[in-house]
Asks: 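Below you'll find the structure I mean.
In what follows, every chain begins at residue 1, and chains take the letters A, B, ... in the order their sequences are listed.
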Protein chains: 2
Amino acid sequence: MLTNRQLLVLKVIVDDFIETAQPVGSRNIAKKESISFSPATIRNEMADLEDLGYLEKTHSSSGRIPSEKGYRYYVDHIMSPLKLSKQEINQIQQSFSDRMIELERVMQNSAHILSELTRYTTLVLGPQVYETKLKQLQIVPLNNQSAIAILITDKGHVEHRSFAIPEELDQSDLEKTVNILNEKLSGVPIVYLDRFIETEVKYLLKKYTNDFHKSYQLLNQALFTEQPTNLYVSGKTNILSQPEFADVDKIRSLFDIMESEEQIAPVLKSEDEGLHIYIGQENKIEEMSNCTLITTTYSLGDNQVGTIALLGPTRMDYAKAVSILDLWSGQMSQTLQKWFTEQ
Amino acid sequence: MLTNRQLLVLKVIVDDFIETAQPVGSRNIAKKESISFSPATIRNEMADLEDLGYLEKTHSSSGRIPSEKGYRYYVDHIMSPLKLSKQEINQIQQSFSDRMIELERVMQNSAHILSELTRYTTLVLGPQVYETKLKQLQIVPLNNQSAIAILITDKGHVEHRSFAIPEELDQSDLEKTVNILNEKLSGVPIVYLDRFIETEVKYLLKKYTNDFHKSYQLLNQALFTEQPTNLYVSGKTNILSQPEFADVDKIRSLFDIMESEEQIAPVLKSEDEGLHIYIGQENKIEEMSNCTLITTTYSLGDNQVGTIALLGPTRMDYAKAVSILDLWSGQMSQTLQKWFTEQ
DNA sequence: GTTAGCACTCAATTGTTTCGAGTGCTAATT
DNA sequence: AATTAGCACTCGAAACAATTGAGTGCTAAC
């Protein structure tokens with residue numbers, strides 16, 4: 001257990017290093033208002049903190065920098081949430097106040113604003129639309145081999161996928177299946193699609209089509225191919241202005257990661273509810289091992305529906321990042337709630 | 001006018017510098033097989049070429065590097081197209097041989113393969129679908145204020161846009177307009193949409209709706225808002241492995257450009273038919289001033305429908321890049337032709 | 001016209017020195 | 001017993017000099 005003074009010293013060092021990116025020396029610490037003891041005392045404390053693993057030296061006679069364990073302790077026990085400025089709060093709130101026609105646009109916009117405010121990279125995983133209803137389903141055959149399925153939800157989300165029409169499905173069956181789907185599936189909440197198809201649609205297909213199996217296959221191709229990810233990223237280049245990324249190789253590997261949804265999306269998807277901080281090596285992706293990822297989820301009612309994250313150097317302004325994410329996720333959840341109950 | 005020997009020297013220097021990224025000295029040139037005269041002679045020629053502006057020195061006793069004018073001359077008068085390897089040709093051809101359900105996927109795939117082959121950044125501006133027909137138009141009202149328009153072309157391209165429904169448009173007019181549009185516009189070639197609306201649709205709207213103006217406004221909102229750009233970019237990080245981009249600031253500004261479609265798309269859109277090479281300062285975008293952009297167009301029949309481009313350092317492998325672009329654009333045009341006439 | 005020869009240039013590398021911010025330890029002070 | 005002053009020591013960073021070598025331009029010989 002750390003003494004109060006050790007706590008104070010650790011806090012000052014982390015705060016200073018977050019600001020300046022330079023190792024912090026005892027003399028500089030002693031100059032701070034909050035510090036009332038001499039450099040020598042601080043040196044002793046620092047030596048202890050280093051022994052305990054909270055601090056590191058870059059070389060034998062340098063000042064100290066926080067270790068990952070130090071950041072972890074800071075985040076868990078020391079840091080207090082930052083009070084955001086009115087302006088910052090306003091900006092975040094405004095990203096919700098625009099007339100939201102499409103959820104997509106809100107997401108993109110939010111990502112943009114958060115990356116501007118924090119100067120870190122923002123990743124938003126769009127909502128899993130549990131409660132949205134299928135406003136309309138359209139299957140449009142393009143020719144004999146292929147067709148396009150278009151799903152429109154009542155919240156303005158449009159999704160389309162092309163797929164191959166099963167061979168040997170005859171023309172009349174195709175038409176019938178398409179008609180049945182188009183007619184029957186409108187207005188069905190997405191989560192119930194499975195069940196609804198089981199109970200209502202299957203029976204119709206059996207009744208009206210010649211080759212039930214082929215028709216059913218068509219249906220599955222149209223509705224249940226690939227789960228689309230909806231990841232919005234903004235401020236990718238922000239991370240370039242951080243001094244820890246002066247090295248082109250690091251930049252390259254990090255960018256390659258950020259470019260590929262397939263690698264990032266699963267990480268965000270697997271998040272538990274609430275706010276999580278992954279410091280350095282704690283990240284599951286190796287290329288992020290000198291970054292910190294802060295994630296938080298947002299929800300609709302009791303359902304967690306999406307994730308938002310900030311990616312920056314381990315020397316991140318944790319207090320600010322956390323405050324901003326908290327504010328956003330609260331606002332987002334609230335807005336979703338309002339939006340989904342209003343009409 | 002350059003002598004043959006000057007031509008040869010210039011060619012050797014450009015080729016060597018493209019390969020090594022190092023200033024080329026007279027001794028090294030003399031060692032090449034194609035060179036049968038001494039370093040001293042070469043030095044004289046190089047001095048002349050420098051006076052003429054085709055070569056530069058990085059400092060007073062360094063070897064020479066090509067100037068932008070030198071590259072320009074090389075590209076215009078010296079370079080001969082590179083014969084591609086069978087493997088390279090195969091890879092490009094294969095990107096067309098997959099069963100093309102969606103044009104989008106072909107584009108994305110092509111961009112990927114070209115960036116792999118060249119190690120430069122590939123930019124593809126998708127086809128302006130002159131000849132495609134509207135397979136289906138759907139306007140789906142979400143609520144009283146907003147609706148979504150979905151356009152599906154017969155080539156599987158899906159486009160959607162949300163828009164606000166004009167206020168005070170009464171319910172019955174809305175329904176009627178939507179019905180008329182949905183019914184009448186299917187199968188109409190995109191280029192004729194304007195005309196078709198003038199001749200066929202306007203008259204129907206006038207006849208069946210109460211407030212023609214509002215309905216007509218609705219139609220315009222649905223069909224003619226923002227022209228969506230369809231830009232596919234691949235291999236953005238390739239450029240990071242070029243030694244000329246060791247500097248983080250340059251990287252940053254270039255990446256910021258590449259992130260924003262709004263800045264890139266117009267450049268590609270404005271291209272004249274055929275192959276164009278923009279070396280360094282010739283680029284319209286300042287941040288690209290130490291890059292070369294090679295663009296070429298592809299076409300359907302006589303109509304130029306899209307553009308593809310490679311972005312790399314000025315020290316680019318011009319011969320290879322040009323050969324690859326030529327091959328691709330030929331294949332693409334051919335494929336489009338086949339595809340649009342076959343059914 | 002070509003080339004050998006030579007003095008000259010300059011970036012890059014290496015080694016040396018100096019500087020200063022910082023440490024750890026010990027002894028004096030509170 | 002805790003704190004602090006004092007001091008020797010460490011080490012990176014910056015400044016400077018010396019060395020090296022790849023390259024040039026020029027002149028004179030071939």
Asks: If you measure only the distance, is there a donor-acceptor pair under 3.5 Å linking the side chains of Tyr120(B) and Asp317(B)?
Replies: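 There is no such pair (donor and acceptor under 3.5 Å, judged by atom type) between the side chains of Tyr120(B) and Asp317(B).
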Asks: Residues of residues 21-34 of chain B with any non-hydrogen atom less than 4.0 angstrom from an atom of DNA chain D: list those, numerically ordered, please.
Replies: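 Heavy-atom cutoff 4.0 Å gives Gly25(B), Ser26(B), Asn28(B).
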Asks: How would you list, by chain and number, every residue that makes a side chain to side chain contact (heavy atoms under 4.5 Å, CB included) with Glu287(B), sequence neighbours excluded?
Replies: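 So Glu287(B) forms a side chain to side chain contact (heavy atoms under 4.5 Å, CB included) with Ser253(B), Ile257(B), Ile285(B).
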Asks: Does either side chain, that of Asp256(A) or that of Thr237(B), offer a donor lying less than 3.5 Å from an acceptor on the other one?
Replies: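 Result is yes, a qualifying pair exists.
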Asks: Can you tell me how far apart CG (Asn283(B)) and OG (Ser289(B)) are? Round to the nearest 0.5 Å.
Replies: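 OG of Ser289(B) is found 8.0 Å from CG of Asn283(B).
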Asks: Can a donor-acceptor pair be found between the side chains of Arg252(B) and Ser241(A) at a distance below 3.5 Å?
Replies: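 Yes, a side-chain donor-acceptor pair sits under 3.5 Å.
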Asks: Provide the closest heavy-atom pair for Gln91(A) versus Ile113(A) in the form atom of the first, atom of the second, distance.
Replies: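 Heavy atoms only, the tightest pair is O-CD1, 3.7 Å.
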Asks: Please give the angle, rounded to 10 degrees, between the axes at the start and the end of the helix from dG1(C)-dC30(D) to dT30(C)-dA1(D), where five pairs define each axis.
Replies: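 That helix has its two terminal axes inclined by roughly 20°.
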Asks: Who pairs with Lys32(A) by side-chain hydrogen bond (donor to acceptor under 3.5 Å, both in side chains), at least two apart in sequence or on another chain?
Replies: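 Checked Lys32(A) against side-chain hydrogen bond (donor to acceptor under 3.5 Å, both in side chains); matches are Asp16(A).
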Asks: Under 4.5 Å between any side-chain heavy atoms of Tyr71(A) and Thr314(A), yes or no?
Replies: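 Yes, their side chains come closer than 4.5 Å.
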Asks: Strictly under 3.5 Å: I want the nitrogen or oxygen pairs between protein and nucleotides 16-19 of chain D, one per line.
Replies:
none

Asks: What pairs of residues pass the side-chain hydrogen bond (donor to acceptor under 3.5 Å, both in side chains) test when at least one of them lies in residues 34-43 of chain A, not counting sequence neighbours?
Replies: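 Listed by first then second residue: Ser26(A)-Arg43(A), Ser38(A)-Thr41(A).
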Asks: For residues 8-35 of chain A, which residue pairs qualify under ring pair (Phe, Tyr, Trp, His ring centres under 6.0 Å), counting only residues two or more places apart or in two chains?
Replies: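 Checked against ring pair (Phe, Tyr, Trp, His ring centres under 6.0 Å) - neighbours excluded - no pair reaches residues 8-35 of chain A.
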Asks: Below 4.5 Å, heavy atoms only, C-beta onward: do Met288(B) and Leu254(B) meet side chain to side chain?
Replies: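 Yes, side chains in contact.
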Asks: Counting C-beta onward and ignoring hydrogens, is there a side-chain heavy-atom pair between Leu114(B) and Ile92(B) closer than 4.5 Å?
Replies: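 Yes. Closest side-chain heavy atoms under 4.5 Å.
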Asks: Looking only at side chains, do Arg315(B) and Gln242(B) share a donor and an acceptor under 3.5 Å apart?
Replies: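 Yes, side-chain donor-acceptor contact under 3.5 Å.
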Asks: In whole angstroms, how far is the C1' atom of dA22(D) from the CG atom of Asp16(B)?
Replies: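 Value for this atom pair: 14 Å.
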Asks: Would you tabulate the side-chain donor-acceptor contacts of residues 46-56 of chain B under 3.5 Å, counting partners in other chains and residues two or more places apart, or write 'none'?
Replies:
residue, atom, partner, partner atom, Å
Glu50(B), OE1, Arg64(B), NE, 2.9
Glu50(B), OE1, Arg64(B), NH2, 2.9

Asks: For nucleotides 28-30 of chain C, print each protein N/O atom paired with a nucleotide N/O atom at under 3.5 Å, atom names and distance only.
Replies:
none

Asks: May I ask you to list the residues of residues 46-62 of chain A, by number, that have any heavy atom positioned under 4.0 Å from an atom of DNA chain D?
Replies: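 Heavy-atom cutoff 4.0 Å gives His59(A), Ser60(A), Ser61(A).
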Asks: Would you give a per-nucleotide map of nucleotides 1-6 of chain C, 5' to 3', where B means the base has a protein non-hydrogen atom under 4.0 Å away, S means only the sugar-phosphate does, and - means neither?
Replies: -SBBB-
Asks: Decide, yes or no, whether a salt bridge links Glu244(A) with Lys250(A) under the criterion of side-chain N to carboxylate O below 4.0 Å.
Replies: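 Answer for the salt bridge query: no.
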Asks: Which residues satisfy the side chain to side chain contact (heavy atoms under 4.5 Å, CB included) test with Lys31(B), sequence neighbours excluded?
Replies: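 Lys31(B): side chain to side chain contact (heavy atoms under 4.5 Å, CB included) contacts with Arg27(B), Asn28(B).
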Asks: Can you check whether Tyr318(A) reaches Thr292(A) side chain to side chain, under 4.5 Å on heavy atoms?
Replies: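 Sidechains of Thr292(A) and Tyr318(A): in contact.
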